[in-house]
Amino acid sequence: MDLSVKIGSTTFTNPLGVASGTFGYGSEYEKLIDLAEIGTLYTKAVTPRPRPGNSIPRIIETASGLLNSIGLANVGMVGFVEQKLPFLATLSCSVVVNVAGDDPDEYREVVEYLDRHDTVNTIKGYEVNISCPNVKCGGLALGTDPRQVEQLTRLLKKTTDKPIIMKLTPNVTDITVPARAAEAGGADAVSCINTLVGMVIDTSLKKTVLPAGTGGLSGPAVFPVALAMVYRTARAVTIPVIGLGGIMTADHAVQFLLAGASAVQVGTANFVDPNIAVDVLRGIEKYAETERLTTIQDFHTFIE
Amino acid sequence: MDLSVKIGSTTFTNPLGVASGTFGYGSEYEKLIDLAEIGTLYTKAVTPRPRPGNSIPRIIETASGLLNSIGLANVGMVGFVEQKLPFLATLSCSVVVNVAGDDPDEYREVVEYLDRHDTVNTIKGYEVNISCPNVKCGGLALGTDPRQVEQLTRLLKKTTDKPIIMKLTPNVTDITVPARAAEAGGADAVSCINTLVGMVIDTSLKKTVLPAGTGGLSGPAVFPVALAMVYRTARAVTIPVIGLGGIMTADHAVQFLLAGASAVQVGTANFVDPNIAVDVLRGIEKYAETERLTTIQDFHTFIE
Amino acid sequence: MKFIDARVIDNVSVAEEYYEMSFSWPSEETPLPGQFLTIRASDRTTPLLRRPFAFSRFDDGVARIIYQKRGDATAILAAKTRDEPLNVVGPLGNIFPVPRDSGRPVLVAGGVGIGPIFFFAEHIRAHNPLLVVGARTRGLLPAESCPHGIETVYATDDGSFGFHGTVVDVLKTTYSTDDNWILYLCGPEPMLKAGHEFATERRVPAWVSLEQTMGCAVGACMGCAVRVTGGLGYARVCTEGPVFDSREIVWT
Amino acid sequence: MKFIDARVIDNVSVAEEYYEMSFSWPSEETPLPGQFLTIRASDRTTPLLRRPFAFSRFDDGVARIIYQKRGDATAILAAKTRDEPLNVVGPLGNIFPVPRDSGRPVLVAGGVGIGPIFFFAEHIRAHNPLLVVGARTRGLLPAESCPHGIETVYATDDGSFGFHGTVVDVLKTTYSTDDNWILYLCGPEPMLKAGHEFATERRVPAWVSLEQTMGCAVGACMGCAVRVTGGLGYARVCTEGPVFDSREIVWT
Ligand SMILES: Cc1cc2nc3c(=O)[nH]c(=O)nc-3n(C[C@H](O)[C@H](O)[C@H](O)COP(=O)(O)OP(=O)(O)OC[C@H]3O[C@@H](n4cnc5c(N)ncnc54)[C@H](O)[C@@H]3O)c2cc1C
Ligand SMILES: Cc1cc2nc3c(=O)[nH]c(=O)nc-3n(C[C@H](O)[C@H](O)[C@H](O)COP(=O)(O)OP(=O)(O)OC[C@H]3O[C@@H](n4cnc5c(N)ncnc54)[C@H](O)[C@@H]3O)c2cc1C
Ligand SMILES: Cc1cc2nc3c(=O)[nH]c(=O)nc-3n(C[C@H](O)[C@H](O)[C@H](O)COP(=O)(O)O)c2cc1C
Ligand SMILES: Cc1cc2nc3c(=O)[nH]c(=O)nc-3n(C[C@H](O)[C@H](O)[C@H](O)COP(=O)(O)O)c2cc1C
Ligand code: FES
Ligand code: FES
């Protein structure tokens, strides 16, 4: 059995990742789980300059879901290289840096800077967040416009030799449009989904719970939506699709793989139980064994 | 306190409705709840000819949600007039007929036929389902194209004097686009949301649980998404917005009203507990009383 | 069909993963064999939908179900103790038709189908029914709950108790051409199908009680459809069923 | 910070809607006052997130929390009985700094803030702390759980027990200018803010333990941010806190 996944020039040893924004920069979970066990760590988004994030409160629980409005709070690319990269360099799992910015040039700036400072080749790829519903510029607006998606992908592909994974938003009429745009721009993979735009109102205060009004919905509530999107995306592009959204169990992850995903990410579930990611990987391996599937491609042969 | 709602020429005595497809044609729930208590009963979709519906199984539970693929199973307009309308005529609640078809002409056909046969003026309006994710033609494709939405609305407004409520799909990049198209076509109101496209796979059978592949996701899982959509829609159009999606409690319903909805519908929750709709209405009234809100418009004054 | 403000009286394990629950039934409407009820297991939204269960017995203000612990809802039920309230709607659905002519009723139960079959066996005791109860293995047979004083054949797939084979094997071995049987079956679909095929070959009537995931359970949502030969090609398990003439069903 | 395979030892009501739970703590890492743990209340997805609770006591392999029944998660906790497993991660967060100089520690608790304050009072018993415990009304005061042999002033908003007024009213009445106090507060935000203002006026140091909805509880998600004066303007309650110098906080 070899469940490794090739994305661009990088081979990821197994199909499991932990999703951006839910695992910090790895060190936060170091004492709880063996980071060597997870395949790929997708970092919190890195932007050119440090960002304080949105007003508080930033998260609220909904029925089987989590609505967040973190606002890309992060230390910025310089802080990342100084404070986070050295620890990440010590890990045996793969590291993919999630990148965000206010405009295409900011994305390029981050990728260029990180490439230059990643002297020991810690970073195995970039996941480009064009789908954050919690910031004004960049983010969602960019991700819903196929022309911009294609141009940004092309720009970043020119900037780095490392794999470029475009992270798609589910807040679109037809996810295959930005997916194909990313492919046309030369993306090495797409990942989907980011969060769904959602809102909760506090009826006693008579205002939205999140000061920003809307936030991004994640967690098991969104799983069926994510699976349908991954299914459609996998039929629209030939590059690998990374499936995520609501994974709580190995069965969910296997559903993504059967639907056509080549890899998966566990997000919100890390908050629920930091063990879940590793359990999911074990479960995928067990399923592959029981069902006699020896490669990720084998998962793709059952559902049309 | 007067929480009545005017839509086109019809005044609905209170803001509560039970959503199409979750309440049959009323008689099914007659023994369980006092139908006089609910404001408006939205029937199961009526199409020109009877439809058997999709292959089975048709429903599956997901985390705090329900994925369905009923496929507009219904008795057709003739059957509706013969078998369902006489009972509906005896009810003291308002009746709105949900209408669906494969193309604009089928919608027109249903509205025309029903208008002609509704001799005692039982039907207080039509809700036009341009958002069913479970049928090939009409349905979703139509609902995502603003030009078609506007034309269909205009066609139906010419066909009948009764209020036309366009039911919008959440499976779009920007729900304000079809909402404005409906308004431009002369719609008396819009209702949102219909179900989100979703999928579940049976990993032991290695196929989708629903034979149609995807289905429509409803229930508390989708509530935050629905609320965000209603909030945006209410700021894009001046006609009344009817909010639905995941209502389980009066607090949910009040959130829709505070977000700008003029009325609400309870859907999946009727399955969970047929009492919920009436409890929701009582809860809305109690909230209005405690907070000293005397009209539905008063709910709209707090959130920008 | 009513809301029933029931309270748990007893809730005991009757076989591996099988439980029998009795609860008060403060309603005039008396449930009959074949009918079912729905329970909202939890006030939270997981599990969300009400769950259907067939009546396994009814005496005098006390109703019962026999259920298998499968997933979330039944796990919550299994943890309920005496006097806990139970959010019930029922009775729902149609009934097993009582045999009118002289034929011998043969009642066949497997898996979660035992409840309604036991109830029906008690109900038509006077008709001298033959009861055939099957399970994969001995531990899954709820021996204590079986109606007493009714001719009963047990069958296990692994031969650990009673007849070694399926319930339909029992039928095949027991049946002789001058028998005048009416079959009633409730259990897993493959068993019902085999029962139907047996009945067709031997030209005996067969009633089957079907399962299908339910939304509303009152006929409103068209969610619980099964393929049938007549009408539009579908019938609702909750309303036209759960009991069907096996010849009406399109078996796949 | 570790996964703790805890088991419930005891779980009793200590005031109206307040419970004290003790559970085994099979870990070398000893929790200190101010620190908290997170519990996954249910295996289902409602409630979804782990819930944070402060330690209210620790002796020798047995940890405790005092919690208020508020919503789904705490209702599930309240129903737990002896020997049930408890999915715990902890200890998390920073600690109440033990007073180094000669000042008198004045410990102020309200609402769900009593747990960590009681723990700290026991911990610095040798420093002769003054304990001020407030509640809306008598029934909400967990008298039994209060540390014994420590000077304690009770206050109720309605005057039904002890001092008639808020805990900060108690501070104002009790304080005299030659007192050398160090304040420690845990409770609802308005109380913390009033405590901070009192401390600023009287120029005494004050430590506050804050609450914020948490996602990860380990510093990864930036969800539990509160406004602070330094750095980027936000600090994480789960990592930089929950205990902060009250002057660091941007009070609103
Ligand atoms: C008319 C009828 C009568 C029934 N009588 C009995 C009975 O007497 N005893 C008994 O043990 N079981 C009976 N069942 C089956 C019972 O409803 C399921 O076992 C129960 O819903 C499982 O719920 P769960 O949450 O524990 O498991 P889940 O994890 O939800 O599901 C386990 C399996 O149960 C089935 N199921 C799930 N939800 C539903 C639903 N809403 N409606 C129907 N089936 C569902 C699915 O096939 C699923 O694979 C009956 C079903 C029907 C339709
Ligand atoms: C560091 C810290 C220590 C705490 N210590 C205690 C304690 O010792 N005793 C005690 O009774 N309570 C304590 N709390 C509060 C406790 O976490 C909440 O009461 C609990 O999460 C409520 O869960 P619920 O599902 O019962 O209620 P819910 O219905 O979920 O919520 C009720 C209220 O609790 C708060 N809350 C909900 N989810 C969270 C979350 N994930 N994190 C934080 N707050 C949340 C919200 O303000 C909400 O309005 C502490 C909170 C924090 C942050
Ligand atoms: C608190 C939080 C913060 C997130 N931050 C980011 C981010 O910085 N960049 C990004 O691409 N996605 C971010 N996401 C989205 C997740 O990576 C993931 O796409 C989404 O949560 C769906 O997966 P899940 O349901 O498994 O959580 C964030 C999600 C959460 C819950
Ligand atoms: C079983 C089922 C059948 C439905 N059928 C219809 C329909 O015929 N026409 C329609 O416009 N919407 C239909 N809907 C959508 C609902 O009316 C509603 O828009 C949706 O379920 C969201 O609301 P809820 O979360 O409260 O259920 C159906 C929903 C369900 C669950
Ligand atoms: S379950 Fe709704 S029609 Fe049968
Ligand atoms: S809760 Fe995630 S950073 Fe504090």
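The sequence lines fix the lettering, A, B, ..., with proteins before strands; numbering per chain opens at 1. Basis for what follows: all heavy atoms, side chains included, without hydrogens, waters or symmetry-related copies.
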* Asked: Taking the inter-plane angle between the rings of D/Y184 and D/F96 on a 0 to 90° scale, is it parallel (under 30°), tilted (30 to 60°) or perpendicular (over 60°)?
  -> perpendicular
* Which class fits the ring pair A/H252 and A/F223: parallel under 30°, tilted 30 to 60°, perpendicular over 60°? -> tilted
* Flag side-chain contact, heavy atom, 4.5 Å: A/N68 against A/R58 -> no
* Name the member of D/R227, D/M214, D/M222, D/K2 that forms the most heavy-atom pairs with chain A at distances under 4.5 Å. => D/M222
* Which atoms of A/N275 approach chain D - backbone, side chain, both or neither, heavy atom under 4.5 Å -> both
* To do: Could you label the plane-to-plane angle of the A/F80 and A/Y25 rings as parallel, tilted or perpendicular, counting under 30° as parallel and over 60° as perpendicular?
  => tilted
* Step by step, would you call D/T81 with D/V8 a side-chain contact (heavy atoms from CB on, under 4.5 Å)? -> CA-CA 6 Å; D/T81 53; D/V8 176; over 6 Å; no
* Most contacts with chain D, counted as non-hydrogen pairs under 4.5 angstrom, among A/A269, A/G26, A/S55, A/P50 -> A/S55
* Asked: Side chain, backbone, both or neither: which part of D/N87 has a heavy atom under 4.5 Å from chain A?
  -> side chain
* **A/N270, part contacting chain D, at a heavy-atom distance under 4.5 Å** => neither
* Do the side chains of D/L86 and D/L77 get nearer than 4.5 Å, heavy atoms only? -> yes
* To do: Please state whether the side chain, the backbone, both or neither of D/F3 comes within less than 4.5 Å of a heavy atom of chain A.
  => both
* Looking at D/C216, D/C224, D/P47, which has the largest count of heavy-atom pairs under 4.5 Å with chain A? -> D/C216
* Between D/E16 and D/R136, does at least one N-O distance fall below 4.0 Å, as a salt bridge requires? -> no
* A/K44 versus chain D, the contacting section by heavy-atom distance below 4.5 Å -> neither
* Asked: Of the backbone (N, CA, C, O) and the side chain (C-beta and beyond), which part of A/S27 lies under 4.5 Å from a heavy atom of chain D, both, or neither?
  -> neither
